[in-house]
2 protein chains.
Amino acid sequence: MQQDPLKSFGLRLVQLRKSKGLSQEKLALESGIARSYLSGVERGQRNIALLNIHKLADTLGIPASSLLELPDD
Amino acid sequence: MQQDPLKSFGLRLVQLRKSKGLSQEKLALESGIARSYLSGVERGQRNIALLNIHKLADTLGIPASSLLELPDD
DNA sequence: GTGTGACTTTGAGTCCGTC
DNA sequence: TGACGGACTCAAAGTCACA
């Protein structure tokens with residue numbers, strides 16, 4: 001049963017960001033996204049659009065599709 | 001050399017939709033998205049957000065991540 | 001059955017800040 | 001280092017008529 005896609009995405013993003021040893025601030029800065037917005041995305045409160053998904057994926061050095069995969073629990 | 005993520009997503013969506021034998025009209029209706037909006041997405045003119053990506057993926061019966069993979073061209 | 005332009009409303013995304 | 005809020009701006013979302 002698929003839960004909230006936004007929460008799922010946020011969790012996955014946190015996991016990938018930490019695995020690269022980045023802070024929210026650094027990831028936000030390097031991908032050109034507002035820090036407070038990124039915080040909201042990671043908490044599943046924001047409905048991020050495709051271009052920003054790609055920006056984050058690029059910064060993390062992974063394909064965008066892998067950002068949409070389900071987080072490990 | 002496919003670089004525009006929106007165009008890439010649109011192409012991929014068209015391919016998947018046709019492979020399921022659906023019209024834009026039917027896909028739009030079943031996923032609860034406006035047809036003219038869907039048309040814009042398929043042509044890479046709309047920056048679709050995560051929740052709508054999931055709606056389309058659900059209707060197509062595929063994981064959202066597979067919608068973000070690159071189209072075969 | 002699809003492309004497109006014009007339009008309105010809602011929320012995506014920014015920037016300031018505090019805890 | 002990250003959660004969270006207020007106050008903004010502009011684009012995503014959605015609708016329509018017509019090609």
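Proteins get letters first, then strands, A, B, ... in listed order; numbering begins at 1 in each.
Between Asp58(B) and Ser31(B), every side-chain heavy-atom pair lies at or beyond the 4.5 Å cut-off. No side-chain heavy atom of Leu27(B) sits less than 4.5 Å from a side-chain heavy atom of Ile33(B).
Straight-line distance from the CD atom of Glu42(A) to the P atom of dA3(D): 6 Å, rounded to whole Å. At whole-Å resolution of the value, CG in Asn47(B) and C1' in dG14(D) are 15 Å apart. Rounded to whole Å, atom C1' of dT15(D) lies 15 Å from atom CG of Leu29(B). Spacing between atom CD1 of Ile48(A) and atom P of dA11(D) amounts to 16 Å, rounded to whole angstrom units. With rounding to whole Å, Leu51(B) atom CG is found 11 Å from dA13(D) atom C1'. If you measure from atom CD of Gln45(A) to atom P of dG5(D), you get 7 Å, rounded to the nearest angstrom. Across the protein-nucleic acid pair, Leu27(A) atom CG and dG2(D) atom C1' stand 13 Å apart, rounded to whole Å. Between Leu50(A) atom CG and dA12(D) atom C1' the separation is 12 Å, expressed in whole Å.
The two atoms that bring Leu22(B) and Arg17(B) nearest to each other are O-NH1, 2.9 Å, heavy atoms only. The two residues Ser65(A) and Leu68(B) come nearest to each other via the heavy atoms CA-CB, 3.7 Å.
When the nucleotides dA13(D), dG2(D), dA3(D) are ranked by their closest atom to the side chain of Ser39(A), dA3(D) comes out on top. Side-chain atoms of Lys55(B) lie closest to dG14(D) of the nucleotides dA12(D), dG14(D), dG2(D).
Within the 3.5 Å criterion, the main-chain N or O of Leu16(B) finds a donor-acceptor partner in the side chain of Ser19(B). In terms of modelled atom types and a separation under 3.5 Å, the side chain of Arg12(A) and the main chain of Ser66(A) share a donor-acceptor contact.
Nearer to the 5' terminus of DNA chain C, by closest-nucleotide assignment, is the contact made by Gln24(B) (compared with the other of Arg46(B) and Gln24(B)). Map Glu25(A) and Ala49(B) each onto its nearest nucleotide of DNA chain D; the residue landing nearer the 5' end is Glu25(A).
OP1 or OP2 of dA17(D) has not a single side-chain nitrogen or oxygen of Arg35(B) nearer than 4.0 Å. Contact check, Asn52(B) against dA12(D): no side-chain N or O comes under 4.0 Å of OP1 or OP2.
End-to-end axis angle for the helix from dT2(C)-dA19(D) to dC19(C)-dG2(D), using five pairs per end and rounding to 10°, comes out at 50°.
If you check distances only, the side chain of Ser36(B) does reach the base of dC16(D) with a donor-acceptor pair under 3.5 Å.
Among the heavy atoms of the strands lying under 4.0 Å from Ala34(B) is at least one base atom, whether or not backbone atoms are also near.
In 5' to 3' order, the nucleotides of DNA chain C bounding all contacts with chain A (an atom under 4.0 Å from a heavy atom) are dA12(C) to dG17(C).
Atom CD1 of Ile48(B) sits about 9.0 Å away from atom NZ of Lys55(B), to the nearest 0.5 Å.
Applying the side chain to side chain contact (heavy atoms under 4.5 Å, CB included) test to Arg35(A) and every residue at least two apart in sequence or in another chain returns Glu25(A), Ala28(A).
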